[in-house]
*Asks:* 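Below you'll find the structure I mean.
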Amino acid sequence: MRTSLGALLVIGLAGLQFIAVLAVVFSSYVTSERALLDHARELLSDVGTNTIAHSRGFVAPAQSAAELSARLARDRVIASDVPELMEQLFFQQLQLAPQFAGVYYGSEEGDFVYVMRSKGSGPFRTKIIRHQGGVRTTELIWRDDKFNVIARWMDPDDVYEPRQRPWYIRAKDQMTTIWTDPYIFFSSQQPGITLASPVIDRQETGLEGVRGIVGVDIEISDISDFLANLRIGSTGRALIIHANGDVIAHPDKSLLKEQTADGTLHFVDIAHIDDPIARAAFAQLEADGQVPVEQETLSQFNYNGETYVSVVMPPMSDKLPWTIAAYAPESDFTAAIKQNRLTNIWIAGAVAVLTAIAGLALANYIHKPVRAFAVRSALVAQGELDPSDPLPATYEELEKANETLMQQIAARRETEMEYGSTFALSSRGMAQIDAQTGRFLRVNEKFSEITGYSATELSQMPFTLLGHPKDPPVLLFDNDQRGTPREVNHEMRCLRRDGEAFWALVNAILIFNQEGKPLHIVLTMDDITSAKQTEEQLAELSKDLSNLARDNTMGQVAAGLAHELNQPLTAIAQNADSALFAAQQMGGAGHGLHETLDEIAEQALRAGEIIRALRAFIRRDEGCRSDFDLSELVSQTQRLLSAESRAAGVSVIADLGALPAVHANRLQIAQVLVNLMRNAIEAVAEGDDLDRRVIVEAKVDGNEVHVCVSDTGPGVAEGITLFAEFETTKAAGMGLGLSICRSICLANGGRLWHQPREPHGAMFCFTLQVGGMEATQAA
Ligand code: ADP
């Protein structure tokens, strides 16, 4: 299949860029979402990492503070048995670290120094338990920010025993700094953890013992505040889950605690927290024993028909087995992008349409000269445009192609014109016929003239319809036999449009293309009706003439005989009469003689009557006279004798001029002409003169036409009595021709005579009556 340049350009310039835009949009559609989800996960991961860092930073000072205090006490920089100094140290530490809820020291003796933040009489409250002289006292002191005492009194009801507290027991047991699990502080009812560090007492024996334990209470609700301030998408959240499943930090602090039946407060488990999305995200992880996870785990989950992304971080440290978990709805990240993507699709669509239009315009711009070139070439090929007309601005390649094309078109048109004018102007009928259907493709005027059909009528009909219906159909070429150019000639009888029959000589040539397939038939047609008729007339005339010649000859012989016998018979009759008279005079004639002589006279008379009757019979046919064209008769006679004249090397020339119709028996005059012209040809043939001509002339003389047949032969031989019967110089001659001619001329009211011709030769002339007048009967 051939593709148009225009279509290619449109597909190339408009289609491809349209596809390109769609491909870019589609790929960005897919990749942008993936990139965004990756970004969301990274964001969640960062949240986790930040929260871990923040939490570590939050609790790390407590360890330093506790261990510093323990070290100071151990090294006796601060006497552990001087509670006032301890109180000062702890006060300073509380001021430095706002996350500290309280710092305290319990000794093996049961003494206790505890500085804590307070909401009572002052911002700080100190509790000091002393054992002096077996007496335990508990003093409570409230101080302001500057360490000034605001209030102070003793609490006789206090029964607190530090050495029985879990933090004391564990730190002493483990001889190292310990961290408790998060719990709800009894005093502040806030979530927190306690860190306890032992004050090691190195004995002189080298054994190590514990002198006391330094503890620090850290409120961790600040971590929840930190989480509340984190922005994770627009609605995402991060929380901290302890290894035991407790949620210890949550942006909504109120969700962290719940009260048991005995009135104590404890953390809410992740499986029960009043944050359904967090439950959906992480409860299953806990149920599966996957909290804490070993490594950062990113996942996706559905809640309430919405997709969320989540991250769970590994535990912060061995001592702090906390897991940071964060989640956010995917739409927080993708909504804007999706909106943006929709906008992008619209923009891309608009760009695609605009570029497609631009592509179409460009394709049209590129294709326009090619299209114009094609149209121009078609117009030139159809002859509607002159090849010499200037070519509109186009491409260089097309200009060259145009040059070649125009040359070829010019050459083709020249050939076509030559052929066309030969075809159109031919004096013969010409037609082009479809080789397959036999229908006329094209005919010239002459063809229409011959057949009587117009070119349009012929274009609707096959050649065979022209043939005469009574004749078998003429098949020009047998369709089965192909291969070589062929030519046929036919003489066929045809029917004109008006129904008149005519004879045609048809010559047909089958034309093949390069592949040997028949293209069309070129046919020439000549109307040979008149030639055919002339031929027939000649044949008829020839036949009639030979019959006439035979009759005339017989007649002339009979006439001659009658003429010759008449006198002897008359003499016999007269002599018989004389003999009878003499016999009667002599009286001696017997009855028998008398009768015999009577019989002789009677039979002689009877013979004379028979002869007269014979002459009358011979003269009976004076013929049927009519007016006819002498020139035509001379011409026909010429043709009848053409074979003889050609054989004798004689040219027969008719010089008749304009003649009126003559009145005579046409056939008899034809006989006269044949006899005279044949005698003349034979006379010229006998001679050896180079001038070998027979001339037939005619001219009007009054109401007669004088016709002369002259020749360049030797002339009439001496001693010949012309026009006498049986006078001849020829071996095969009968010597009756001239005498018959003269009889005919006389019978037709004319004369025939001879006159010598100068310098030699003979001339025989006869007269005919001009037609249209009353014919004079010959005597
Ligand atoms: P045939 O031709 O049979 O001899 P015709 O009566 O036609 O009989 O002619 C008689 C004779 O007249 C011829 O034998 C010939 O000698 C002579 N004759 C006739 N025509 C010519 C002529 N044109 N030239 C010379 N002689 C002629």
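Both counts, for ligands and for their atoms, begin at 1 and track the order of listing. None of the values given here were measured: they were computed from a predicted structure.
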*Asks:* Would a 4.5 Å heavy-atom cut-off, applied to side chains only, mark L510 and F512 as touching?
*Replies:* yes
*Asks:* For the CZ atom on R412, are there more than 12 heavy atoms of other groups (residues, nucleotides or ligands in this structure) within a distance under 6.0 Å?
*Replies:* yes
*Asks:* At a 4.0 Å threshold, what atoms of ligand 1 neighbour a non-hydrogen atom of A683?
*Replies:* 24 (N)
*Asks:* Disulfide (SG to SG under 2.5 Å) with C708: which residues, sequence neighbours excluded?
*Replies:* C765
*Asks:* Could you tell me whether some N/O pair between A762 and ligand 1 is separated by less than 3.5 angstrom?
*Replies:* no
*Asks:* Is it the side chain (CB and beyond), the backbone, both or neither of F764 that lies under 4.0 Å from ligand 1, heavy atoms counted?
*Replies:* side chain
*Asks:* Please list the nearest protein heavy atom to atom 14 (O) of ligand 1 with its residue and the distance rounded to 0.1 Å.
*Replies:* T729 N, 2.6 Å
*Asks:* Which residue owns the protein heavy atom closest to atom 2 (O) of ligand 1, what's the atom, and how far is it?
*Replies:* K730 NZ, 3.1 Å
*Asks:* At a 4.0 Å threshold, what atoms of ligand 1 neighbour a non-hydrogen atom of D711?
*Replies:* 23 (N)
*Asks:* Within the structure, does S739 bring an N/O atom to less than 3.5 angstrom of an N/O atom in ligand 1?
*Replies:* no
*Asks:* Classify the ring geometry between H754 and F764 as parallel (under 30°), tilted (30 to 60°) or perpendicular (over 60°).
*Replies:* tilted
*Asks:* For the residue pair Q533 / Q537, report whether a side-chain donor-acceptor contact shorter than 3.5 Å exists.
*Replies:* no
*Asks:* Would you mind checking which non-hydrogen protein atom is closest to atom 6 (O) of ligand 1, with the distance to 0.1 Å?
*Replies:* L738 N, 3.0 Å
*Asks:* Are side-chain N/O atoms of N748 and H663 paired as donor and acceptor at under 3.5 Å?
*Replies:* no
*Asks:* To check your reading of the model: name the closest protein heavy atom to atom 25 (C) of ligand 1, its residue, and the distance in Å.
*Replies:* G715 O, 3.1 Å
*Asks:* Would F440 and F447 count as a close aromatic pair, with their ring centres under 6.0 Å?
*Replies:* yes
*Asks:* Under a 3.5 Å cutoff, is there a donor and acceptor pairing between the side chains of N402 and R376?
*Replies:* yes
*Asks:* For atom 7 (O) of ligand 1, what's the nearest protein heavy atom and its distance?
*Replies:* N679 ND2, 3.1 Å
*Asks:* Note the single closest protein heavy atom to atom 4 (O) of ligand 1, along with its residue, its atom name and the distance in Å.
*Replies:* T728 OG1, 2.3 Å
*Asks:* With no hydrogens and no angle check, just 3.5 Å: does a side-chain donor-acceptor pair link E704 and Q769?
*Replies:* no
*Asks:* I need the contact type for E727 against ligand 1. Using non-hydrogen atoms and a strict under-4.0 Å cut-off, is it side chain, backbone, both or neither?
*Replies:* backbone
*Asks:* Nearest to atom 8 (O) of ligand 1 by heavy atom, G735, G761, A680: which?
*Replies:* G735
*Asks:* For ligand 1, which atoms, with element, lie under 4.0 Å from some heavy atom of G733?
*Replies:* 3 (O)
*Asks:* Using a 6.0 Å distance limit plus a 45 degree cone around the ring axis, check whether R442 lies over the aromatic ring of F423.
*Replies:* yes
*Asks:* Taking 4.0 Å as the limit for heavy-atom contacts, which would you say applies to L722 with ligand 1: side chain only, backbone only, both, or neither?
*Replies:* side chain
*Asks:* Name the closest protein heavy atom to atom 26 (N) of ligand 1, giving the residue it belongs to and the distance to 0.1 Å.
*Replies:* V716 CA, 3.4 Å
